[in-house]
Amino acid sequence: MTIIPYSINRKETWDAFVEMSKNGTFLLKRNFMDYHSDRFFDCSLLIYSGISPDGEFKEKSLTTKDLVAVFPANWDKERQTVCSHQGLTYGGLVVLPEVTQKEVLDMMQAILRYYRDMMQAERLFYKPIPYIYSSIPSGEDLYALFRAGAKLSRRLVSTCVSMRNPMKMTTLRIRQARKAVDHGFYIDRMTEGDTQTLREYWALLTGVLEKYHNARPTHSLQEMQLLMSQFPKNIRLYIVRREKQIVAGVVVFECRTVAHVQYIASGEEGRTYGALDLLFRHLINERYKQFEYVDFGTSNEDGGRYLNEGLIHQKEGFGGRAVCYDTYEIDIAKALVSSEESTPKDSGEKAPVKYLDLKRLNNSFEPELTAEVSRVVQGGWYLLGQENKRFSQAFAEYCGAKYCVPTGNCLDALTMILVAYKNLLGWGDDAEVIVPSNTYIASILAISRAGLQPVLCEPRIEDYLINPENIEGLITERTKAIMVVHLYGRVCDMRPIMEVAKRHGGLKVIEDVAQAQGVVYQGVRAGHLGDAAGFSFYPGKNLGALGDAGCITTDDEALADYVRAMANYGSKEKYFNEIKGLNSRMDELQAAVLCLKLKRLDADNEVRRKIAKAYSEGITNPLITLPSEPSEPDENVWHIYPIRTSERDRLREYLSREGIETMVHYPVPPHKQQAYSEWNERTYHISEQIHQEILSLPISPVMKEEEVKRVIEALNSFN
């Protein structure tokens, strides 16, 4: 993106762009803007797509077709402040109709950098162009302001009548208009070049403002004469006379689809006999019927410090509704802060490598993420609605399963699967479920919550997954299910596990897929490898929500129906409860976010694989044991990249000093937790070794190449 400062030789280019833009008006053309050039230092910008071939910002190598936006602005050197645009009612980014939120966001960042680098500006005051002036109403620049941390600095309130859907005029205003006619008032319009009428009206206007509002017009009489001579088709003066005397009037700026009333004045006689009521009714009912809006102008007094309620009440009587003309303040330095820019470039200090930068990760989904959140919030339906249905269908199809039932979290999902089987199949409280001994405790808690008995099975040290060879020796007549955990993002060896389950009377196989969304085993995705599966969408997962969320997947219709009812207080029909259920529902916001992120899950997992490959090929320290590679790349989505070392605590402290965050998944094995104190005397040698030596390295789809290299270099330097 190339930014060129405005100069007089670019006047025609500027005006031509304003003419073809989606939200530009004659108020943003140079003849209008330049009338106050003696008071303000113009620092307006033209924004072009791409950069010059020589890498420098030279307009000679750019063409008019590359122009994507213009930005009107003035410079207040004393305050080191840019204003868009002093002297105007508004003055935000002027853009093309096809602009996207992402493009406007990039433009805003580029503009802020320009003013910081070229003018050492500290603040930007930004006046967005109200939606009524845009041919395609949207909030692109409002979104960019939000992302820049802008704060509302000033609010002016206008009263606007929609000509497409006009409100009924109040009886009071109609009566006042009739009173004006009865008193001999009539409407007139200043003709082009009639400077005498303009002078008479300006004298009335100045007198009214001084007497009632302690204010002066923004424009001088001479400025208004100049503007009206330059824009005779856009600036009109409508007056109310009695005989030949002017008793009231308004100046109207006619934009593309909006008639904007800039000045309103009425003398004593006009106030008494409803001169403005007659005039406003004429503007709405006759003069501007073909326009989309009649904007009666702001009703703030004393520089916007308070509202003139009487004036607002009068305008509302014509069917007007509020439109805000807001000004936002941006702290440029704060708006441009990022992990790269905030790091001293010459001090040698390095930015920390976060284990998982959730903010950076979610930013990578912008602006669509914020748009989805806003859409759901504005939709007004927050539970058990269309977003849940949309996600259920999309995720079931993704996994290859017939059914997907959203839940509040993965613990509830696993618990409800087991409770459903317990009740549907008649399992007793002594029924046993085999589960890996090194899993996160939630897998085991689900079994206990369902009133069943966990049986711990040692994993393989090579891949940290449940060892199929150990399962058969743990099966008893009470065994009803095997819970496999695709730990750290790697899929379990399912073929021998399913064979064991089949040999022993069709044991149920339940997948815990909290850490392995998208992983594949022999062409089949996790979530469709066993009888049922529970998923977590905790924010840090490969497919993460903006809070807690989970789901189950299955081909078993009876199981899906049972879980769906159980998650909703045991109810299939509102207020009729068939079973003792619980409240475990995915809200609509999380469902919409997950639908968005699901589209990129495979691509994100592929990035994780590339980082894992870089680690596996680059880390050569003999003190570190790397994770084994799967036979097929898609058998691991690398939710975690786990290394082992007998020097774990010392290594972790060393990496911390190097600015590299790590995690331990998990420091205490389940059988040593106080929650299962009855197991504390047991020994599971492999699990205990894993929990004592495991260390998780930073990995995420938004991790940068230089960050990966830093991790590798630091690990290889450890001794």
Exercise. Judged by modelled atom types alone, do N363 and R147 share a side-chain donor-acceptor pair under 3.5 Å?
Worked result: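 Indeed, the side chains of N363 and R147 share at least one donor-acceptor pair under 3.5 Å.
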Problem set entry | Closest approach of V593 to A545 (non-hydrogen atoms, all atoms of both residues) |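 Shortest heavy-atom contact: CG1-CA, 4.5 Å.
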For this session: For atom OH of Y676, decide whether the heavy atoms of other residues, nucleotides or ligands shown that lie under 6.0 angstrom number more than 12.
Result: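 Counting other residues, nucleotides and ligands, OH of Y676 exceeds 12 neighbours.
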Exercise. Do we see a donor-acceptor contact under 3.5 Å between the side chains of E366 and T370?
Worked result: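 A pair is found: one side chain offers a donor N or O, the other an acceptor, under 3.5 Å apart.
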For this session: Could you check if a side-chain atom of Y403 sits within less than 4.5 angstrom of a side-chain atom of T553, using non-hydrogen atoms only?
Result: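 No, side chains not in contact.
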Exercise. Have E693 and S646 got a donor and an acceptor in their side chains that come within less than 3.5 Å?
Worked result: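 Side-chain D/A pair, E693 to S646: absent.
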Exercise. Just how far is it from atom CD1 of I712 to atom OG of S717, taken to the nearest 0.5 Å?
Worked result: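 Taking CD1 in I712 and OG in S717, the distance rounds to 11.5 Å.
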Exercise. Below 4.0 angstrom, N of the basic side chain to O of the carboxylate: do R652 and D649 qualify?
Worked result: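 So R652 does not pair with D649 through a salt bridge.
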Exercise. Which distance, rounded to the nearest 0.5 Å, do you find between the CD of E397 and the CD of Q393?
Worked result: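 E397 atom CD to Q393 atom CD measures 4.5 Å (nearest 0.5 Å).
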For this session: Verify side chain to side chain donor-acceptor pair (under 3.5 Å) between Y464 and R644, making sure each step is shown before the conclusion.
Result: CA-CA 11 Å; Y464 315 127; R644 285 190 298 111; 3.0 Å; yes
For this session: Mind checking the CG-CD spacing from D493 to E635? Nearest 0.5 Å is all I need.
Result: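 Atom-to-atom, D493:CG and E635:CD are 8.0 Å apart.
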Problem set entry | For Y666 against H691, the heavy-atom pair lying closest together |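 Minimum heavy-atom contact is O-ND1, 2.6 Å.
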Exercise. Just wondering, more than 12 heavy atoms not from K354 lying within 6.0 Å of its NZ?
Worked result: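 No, not enclosed.
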Exercise. Strictly by modelled atom types, are T662 and R648 linked by a side-chain donor-acceptor pair under 3.5 Å?
Worked result: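 No, no side-chain donor-acceptor contact under 3.5 Å.
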For this session: Determine, step by step, whether K610 and E606 satisfy the salt bridge (charged side-chain N to carboxylate O under 4.0 Å, His left out) criterion, reporting the C-alpha distance in whole Å, the side-chain angles of both residues, the deciding distance to 0.1 Å, and the verdict.
Result: CA-CA 6 Å; K610 290 179 180 178; E606 191 57 38; 5.6 Å; no
For this session: Before giving the answer on side-chain contact (heavy atoms from CB on, under 4.5 Å), spell out for S616 and Y641 the whole-Å C-alpha distance, their side-chain angles and the decisive distance to 0.1 Å.
Result: CA-CA 10 Å; S616 297; Y641 188 91; 2.9 Å; yes
Exercise. Quick one: do E387 and R375 make a salt bridge, cutoff under 4.0 Å?
Worked result: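 Looking at R375 together with E387, the answer is yes, because their closest N to O distance falls below 4.0 Å.
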Exercise. Does some side-chain heavy atom of M416 sit less than 4.5 Å from a side-chain heavy atom of L582?
Worked result: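 Yes - at least one pair of side-chain heavy atoms lies under 4.5 Å apart.
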Problem set entry | Shortest non-hydrogen separation from A401 to G527 and the atoms involved |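 Smallest heavy-atom distance, with atoms named: CB-O, 4.2 Å.
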Problem set entry | Between NZ on residue K502 and CD on residue E499, distance to nearest 0.5 Å |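 Between atom NZ of K502 and atom CD of E499 there are 8.5 Å.
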Exercise. At their closest point, which heavy atom of K572 faces which heavy atom of A565, and how far apart are they?
Worked result: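 Result for this residue pair: CG-CB, 3.7 Å.
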For this session: Scan side-chain atoms only and decide if D512 and S443 contain a donor-acceptor pair under the 3.5 Å cut-off.
Result: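 S443 and D512 do have a side-chain donor-acceptor pair below 3.5 Å.
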Exercise. Would N542 and N605 satisfy side chain to side chain donor-acceptor pair (under 3.5 Å), going step by step from the backbone distance to the final call?
Worked result: CA-CA 7 Å; N542 290 35; N605 284 341; 2.8 Å; yes
Problem set entry | Distance, nearest 0.5 Å, that separates CG of L487 from NE2 of H639 |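 Answer rounded to 0.5 Å: 9.0 Å.
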Problem set entry | Shortest non-hydrogen separation from N636 to R609 and the atoms involved |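 Looks like O-NE, 3.1 Å.
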Problem set entry | Straight-line distance of L507 CG to M498 CE, nearest 0.5 Å |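 Atom-to-atom, L507:CG and M498:CE are 10.0 Å apart.
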Exercise. If you draw a 6.0 Å radius around CD in E681, do more than 12 non-hydrogen atoms from other residues or ligands fall strictly inside?
Worked result: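 Counting other residues, nucleotides and ligands, CD of E681 stays at 12 neighbours or fewer.
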Exercise. Strictly by modelled atom types, are R600 and S364 linked by a side-chain donor-acceptor pair under 3.5 Å?
Worked result: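 Short answer, yes.
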Exercise. Taking it one step at a time, do Y398 and D602 satisfy side chain to side chain donor-acceptor pair (under 3.5 Å)?
Worked result: CA-CA 10 Å; Y398 178 80; D602 287 342; 2.5 Å; yes
For this session: Considering only NZ, NE, NH1 and NH2 on the basic side and carboxylate oxygens on the acidic side, decide whether E372 and K599 come within less than 4.0 Å.
Result: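 A salt bridge is absent here (no side-chain N lies under 4.0 Å from a carboxylate O).
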Problem set entry | Pair E713 + R710, salt bridge at N-O below 4.0 Å |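 Looking at E713 and R710, the cut-off is not met.
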Problem set entry | Flag side-chain contact, heavy atom, 4.5 Å: I497 against I471 |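 A side-chain contact exists here, since the closest heavy-atom pair is under 4.5 Å.
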For this session: Would you mind reporting whether W638 and P627 have side-chain heavy atoms less than 4.5 Å apart?
Result: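 Result yes, sub-4.5 Å side-chain heavy-atom pair found.
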For this session: May I ask you to decide if the ring planes of Y684 and H671 are parallel, tilted or perpendicular, using 30° and 60° as cut-offs?
Result: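 Perpendicular, since the angle between the ring planes exceeds 60°.
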Exercise. Of the non-hydrogen atoms in V435 and I444, which two are nearest, and what is the gap between them?
Worked result: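 Scanning both residues, the minimum pair turns out to be CG1-CG1, 4.0 Å.
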Problem set entry | Whether over 12 other heavy atoms sit under 6.0 Å from Y440 OH |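 No, because the 6.0 Å sphere around OH of Y440 holds 12 heavy atoms or fewer from other groups.
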